[in-house]
Number of protein chains: 2
Amino acid sequence: MTDSIPTEELFQNAGVRATQARTAIMDYLVESGTHPNTEELNAALAEKGLKIPAATLYQNLEKLTSAGLLIRFASSDGQVRYDANLAHHHHMICTVCHRVADIRIANPLSSLAIFDARTGDPVLRWTFENAEIELKGRCPDCAGT
Amino acid sequence: MTDSIPTEELFQNAGVRATQARTAIMDYLVESGTHPNTEELNAALAEKGLKIPAATLYQNLEKLTSAGLLIRFASSDGQVRYDANLAHHHHMICTVCHRVADIRIANPLSSLAIFDARTGDPVLRWTFENAEIELKGRCPDCAGT
DNA sequence: GTTTTTGCAAAACCTTTGCAGATGT
DNA sequence: ACATCTGCAAAGGTTTTGCAAAAAC
């Protein structure tokens, strides 16, 4: 785990101005470690007393994403989500409480036994670049229920 | 590979009427083995001379999905896509030509070495249900370029 | 003949854009 | 002071809804 760099400094290094809305968005994503969509993000900030207009929110998310301070991705349900964890990682999603945990999978891609789903033949002639893996299951709190 | 069941029969078993648009959608997805979004699907059917209004297309995709004849999923770019391959499988996407291949991964979930991306600790206390894996790389045709 | 589906038009929804005033550097 | 950002209003694109005519069973 890396030491956290102050948000101000992050913004300065990236050439992005430190405005109230922007700082709040970034801080929330870093501190909560969550992966909200715009609606969830807006709700979370509203609870903290910060109402950000839709246009401003979208503009900031675009800015922070293109500046490389956030990652934008889509979960398998199609929701566009934002993530302050820039290191390559995967997600594990609780099917009960929908908690999302960031995970690292140590197995190398080359250890995967990949077959063509139609023919059953091994898939040999592709070159692999990366994988996005979404695991679903029950988190410790929900596993017992 | 299972033998293909006639579309008419599939519809009858699922209690879904066999209309022209619906049959064309289903046949196209089965025959092409592709995973189009609505726009691509509409374009493909238009090329075959079948122009389906947006409302009808959406209604049919919803009907076929809820009847269990199609699977709806979102690729990591956020596009909602439809798939007539009902067997559990994953996708491998060419980063050059965007071809999508259906793949099966033989390794059991339990063989994955999963660590918490924040703490580095092994993730032990979750129960796993399934995984959605999207591999990216280059297909045989594009690997050489 | 009854129920479902089509396909038009309208509505709802999410995201982007234009721009004047406010804010950050 | 200058460039950027905010936030309102308006536009754009996609998906859903209402409903009368058409088609399927």
Side-chain angles (χ1 to χ4, degrees), chain A residues 6-29 35-46 48-82, chain B residues 6-28 35-46 48-75 77-82:
Chain A
T7 308
E8 268 184 31
E9 203 173 315
L10 274 180
F11 285 175
Q12 221 157 38
N13 294 344
V16 164
R17 288 191 177 173
T19 68
Q20 189 191 26
R22 199 169 284 172
T23 305
I25 291 168
M26 196 70 199
D27 283 349
Y28 175 74
L29 286 170
H35 310 73
N37 59 22
T38 51
E39 191 187 343
E40 292 162 351
L41 180 53
N42 217 9
L45 295 172
K48 295 185 154 194
L50 197 69
K51 271 174 261 177
I52 303 179
T56 302
L57 184 65
Y58 281 107
Q59 285 162 171
N60 277 323
L61 289 171
E62 168 57 27
K63 189 91 190 178
L64 293 171
T65 301
S66 62
L69 297 174
L70 291 182
I71 287 174
R72 193 201 321 249
F73 71 100
S75 48
S76 62
D77 60 1
Q79 293 291 306
V80 174
R81 298 180 178 280
Y82 294 87
Chain B
T7 307
E8 267 185 32
E9 203 173 316
L10 274 179
F11 285 175
Q12 222 157 35
N13 294 344
V16 163
R17 287 191 179 173
T19 69
Q20 189 191 26
R22 196 169 284 170
T23 305
I25 291 168
M26 195 70 199
D27 283 348
Y28 174 74
H35 309 73
N37 59 21
T38 51
E39 191 188 343
E40 292 162 351
L41 180 54
N42 216 10
L45 295 173
K48 294 185 154 194
L50 196 67
K51 271 174 262 177
I52 302 179
T56 302
L57 184 64
Y58 282 106
Q59 285 161 174
N60 278 323
L61 289 171
E62 168 57 27
K63 188 90 193 178
L64 293 172
T65 300
S66 62
L69 297 174
L70 291 181
I71 287 174
R72 193 202 321 252
F73 71 99
S75 48
D77 58 2
Q79 293 291 307
V80 174
R81 297 179 178 283
Y82 294 87

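Letters A, B, ... mirror the listed sequences (proteins, then strands); counts begin at 1. Only a predicted model underlies this, so the values are computations on that prediction, with no experimental measurement involved.
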Can you tell me how far [atom2] of [N] sits from [atom1] of [X], to the nearest Å?
X	N	atom1	atom2	answer
Arg17(B)	dT4(C)	CZ	C1'	4 Å
Gln59(A)	dA20(C)	CD	C1'	14 Å
Arg72(B)	dT16(D)	CZ	C1'	12 Å
Gln20(A)	dT23(C)	CD	C1'	11 Å
Asn42(A)	dC14(C)	CG	P	12 Å
Leu57(A)	dC13(C)	CG	C1'	16 Å
Lys63(A)	dA3(D)	NZ	C1'	10 Å
Ile52(B)	dC8(C)	CD1	P	12 Å

Side chain of Ala18(A) (C-beta onward), nearest among dT14(D), dT25(C), dT6(D): dT25(C)
base_contact_polar (dG24(C) base, Thr19(A) side chain, donor-acceptor, <3.5 Å): no
Base of dT5(C) paired with side chain of Arg22(B) (donor-acceptor, under 3.5 Å): no
Quick check: does any side chain N or O of [X] sit under 3.5 Å from a backbone N or O of [Y], one acting as donor and the other as acceptor?
X	Y	result
Arg81(A)	His35(A)	yes
Arg72(B)	Thr65(B)	no
Thr56(A)	Ile52(A)	no

Touch class at under 4.0 angstrom, heavy-atom based, for Glu62(A) against every strand present: nothing
Whether over 12 other heavy atoms sit under 6.0 Å from Glu40(B) CD: yes
Under-4.0 Å side-chain N/O to phosphate OP1/OP2 contact, Asn60(A) with dT6(D): yes
